[in-house]
Trainee: 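Dropping a structure here in structure tokens format, bear with me for questions.
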Amino acid sequence: MKTIRVALGERSYPIAVRSSYRQLPQLLDSLRLPRHGCVVSHERLLRRHGRGLLAVLRRAGWRLDVVTVPETEASKSWAMARQLISRLAATGAMRPPVLFAFGGGVVGDLTGFVAAIYRRGVPYVQLPTTLLAQVDSAIGGKAAIDLPQAKNFVGAFHQPRLVYSNIGLLRTLPLRQRRSGLGEVIKYGAMADPALFAFLEQHLAACLAMEPRAARVMVERSSAIKARIVSQDERDARGIRAQLNFGHTLGHALEAAGRYRRWTHGEAIAIGMCAAAQLSVELGRCPRGQMQRLVALLQAAGLPTRARGVSRAAVRRALAYDKKNLRGRPRWVLLRRLGRVVVSEAIPPTTLQRVVSAYLS
Ligand code: GLY
């Protein structure tokens with residue numbers, strides 16, 4: 001199985017894709033970290049899958065504390081960050097513990113944020129357990145908590161020392177979460193990897209079932225794309241990392257309009273990708289057949305391709321909020337063809353309004 005490198009000079013790190021935690025201690029040893037850690041996770045996840053992980057680390061001589069947080073987005077808060085920091089400070093250890101984020105995006109973002117600010121930055125390791133986290137949020141060092149006004153509004157770039165993705169866990173995820181993660185994998189295929197896209201088309205049932213080979217291909221290929229893009233544009237300042245947001249302009253607005261309960265992230269970006277592809281076709285930037293293949297794959301994966309029953313006003317408000325944060329210009333990632341996208345801030349407003357409205361019903 002593969003180890004992929006995120007090349008960032010002295011902040012470089014490996015992404016190990018494995019089917020168990022057996023090789024984790026060996027990889028940690030190569031990083032020369034103190035064998036004292038704090039595992040941040042969820043209670044249910046720890047009960048289900050934590051025993052094996054903790055046993056492997058303890059057998060290798062790791063001294064570990066364990067902290068659990070509730071399984072909701074609300075855990076990405078100042079209150080939870082403060083609680084976690086108090087726990088870390090209470091150990092009184094001279095050398096701060098290595099933080100382990102064992103969970104999905106919520107645990108990864110919160111742990112990364114605390115690791116960024118506690119004692120001006122301590123090392124942390126991402127142990128993502130969902131498909132979405134393995135292919136996206138655990139990689140790239142974007143760490144943040146939410147404010148009541150908006151998601152991810154307080155944060156930092158703080159790269160982990162290691163991402164260790166155990167794909168053996170993915171089969172146990174509920175179907176809706178597997179589909180949601182698949183939405184991000186389809187995004188990688190559409191934006192950067194036609195061979196991955198074709199693989200998903202040909203082996204969709206195996207991908208949805210998280211069969212070992214399919215899971216490995218999805219996580220390895222997606223991680224390699226994200227690693228390459230983060231290496232080129234770590235701080236999202238060159239318009240390269242922005243390509244990862246294919247489907248996210250409308251996707252984020254739908255998540256906000258649905259109060260983060262109506263759609264999962266993968267569902268919202270599936271609708272967002274359809275709208276962005278339609279926009280690309282109408283602007284003459286993408287052949288219609290390419291868009292149709294994308295829509296067909298999303299539908300076959302059981303993902304929504306239109307937003308039904310959403311308040312148009314709420315979506316418009318969320319899109320306007322996004323626009324305000326981007327110096328008044330809405331930024332869309334357009335599809336050129338499957339495997340290639342382009343970032344644009346020059347979309348004619350009337351076309352935009354017409355296309356977005358067509359996706360809200
Ligand atoms: N998930 C988008 C990024 O990491 O930049």
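All ligand and atom numbering here is 1-based and tracks the order in the structure. The first residue of the sequence shown is numbered 1, and numbering continues consecutively from there.
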Trainee: Just jot down the ligand 1 atoms closer than 4.0 angstrom to any heavy atom of Arg241, in number order.
Mentor: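 Those atoms are 3 (C), 4 (O), 5 (O).
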Trainee: Could you work out, with side-chain hydrogen bond (donor to acceptor under 3.5 Å, both in side chains) as the rule, every residue matching His265, not counting sequence neighbours?
Mentor: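 Per chain and number, His265 pairs via side-chain hydrogen bond (donor to acceptor under 3.5 Å, both in side chains) with Glu184, His248, Glu255.
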Trainee: Does an N or O from Lys226, backbone or side chain, lie closer than 3.5 Å to an N or O of ligand 1?
Mentor: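 Between Lys226 and ligand 1 (N or O atoms, distance only) the closest approach is under 3.5 Å.
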Trainee: Please report, to 0.1 Å, the donor-acceptor pairs under 3.5 Å made by any side chain of residues 201-214, with sequence neighbours excluded.
Mentor:
{"from": "Glu201", "atom 1": "OE1", "to": "Arg293", "atom 2": "NH2", "distance (Å)": "2.9"}
{"from": "Glu201", "atom 1": "OE2", "to": "Arg293", "atom 2": "NE", "distance (Å)": "3.0"}

Trainee: So with a 6.0 Å cut-off around CZ of Arg22, is the heavy-atom count from everything else above 12?
Mentor: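 Count not over threshold, so no.
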Trainee: Below 3.5 angstrom, do we get any N/O pair linking Asn245 and ligand 1?
Mentor: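 It does not: no N or O of Asn245 is found under 3.5 Å from an N or O of ligand 1.
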Trainee: Can we say Asp65 and Arg87 salt-bridge, meaning some charged N sits less than 4.0 Å from an Asp/Glu carboxylate O?
Mentor: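 Salt bridge absent between Asp65 and Arg87.
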Trainee: Need the ligand 1 atom indices (1-based, order shown) with element for anything under 4.0 Å from a heavy-atom of Asp136.
Mentor: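 The atoms of ligand 1 under 4.0 Å from a heavy atom of Asp136 are 1 (N).
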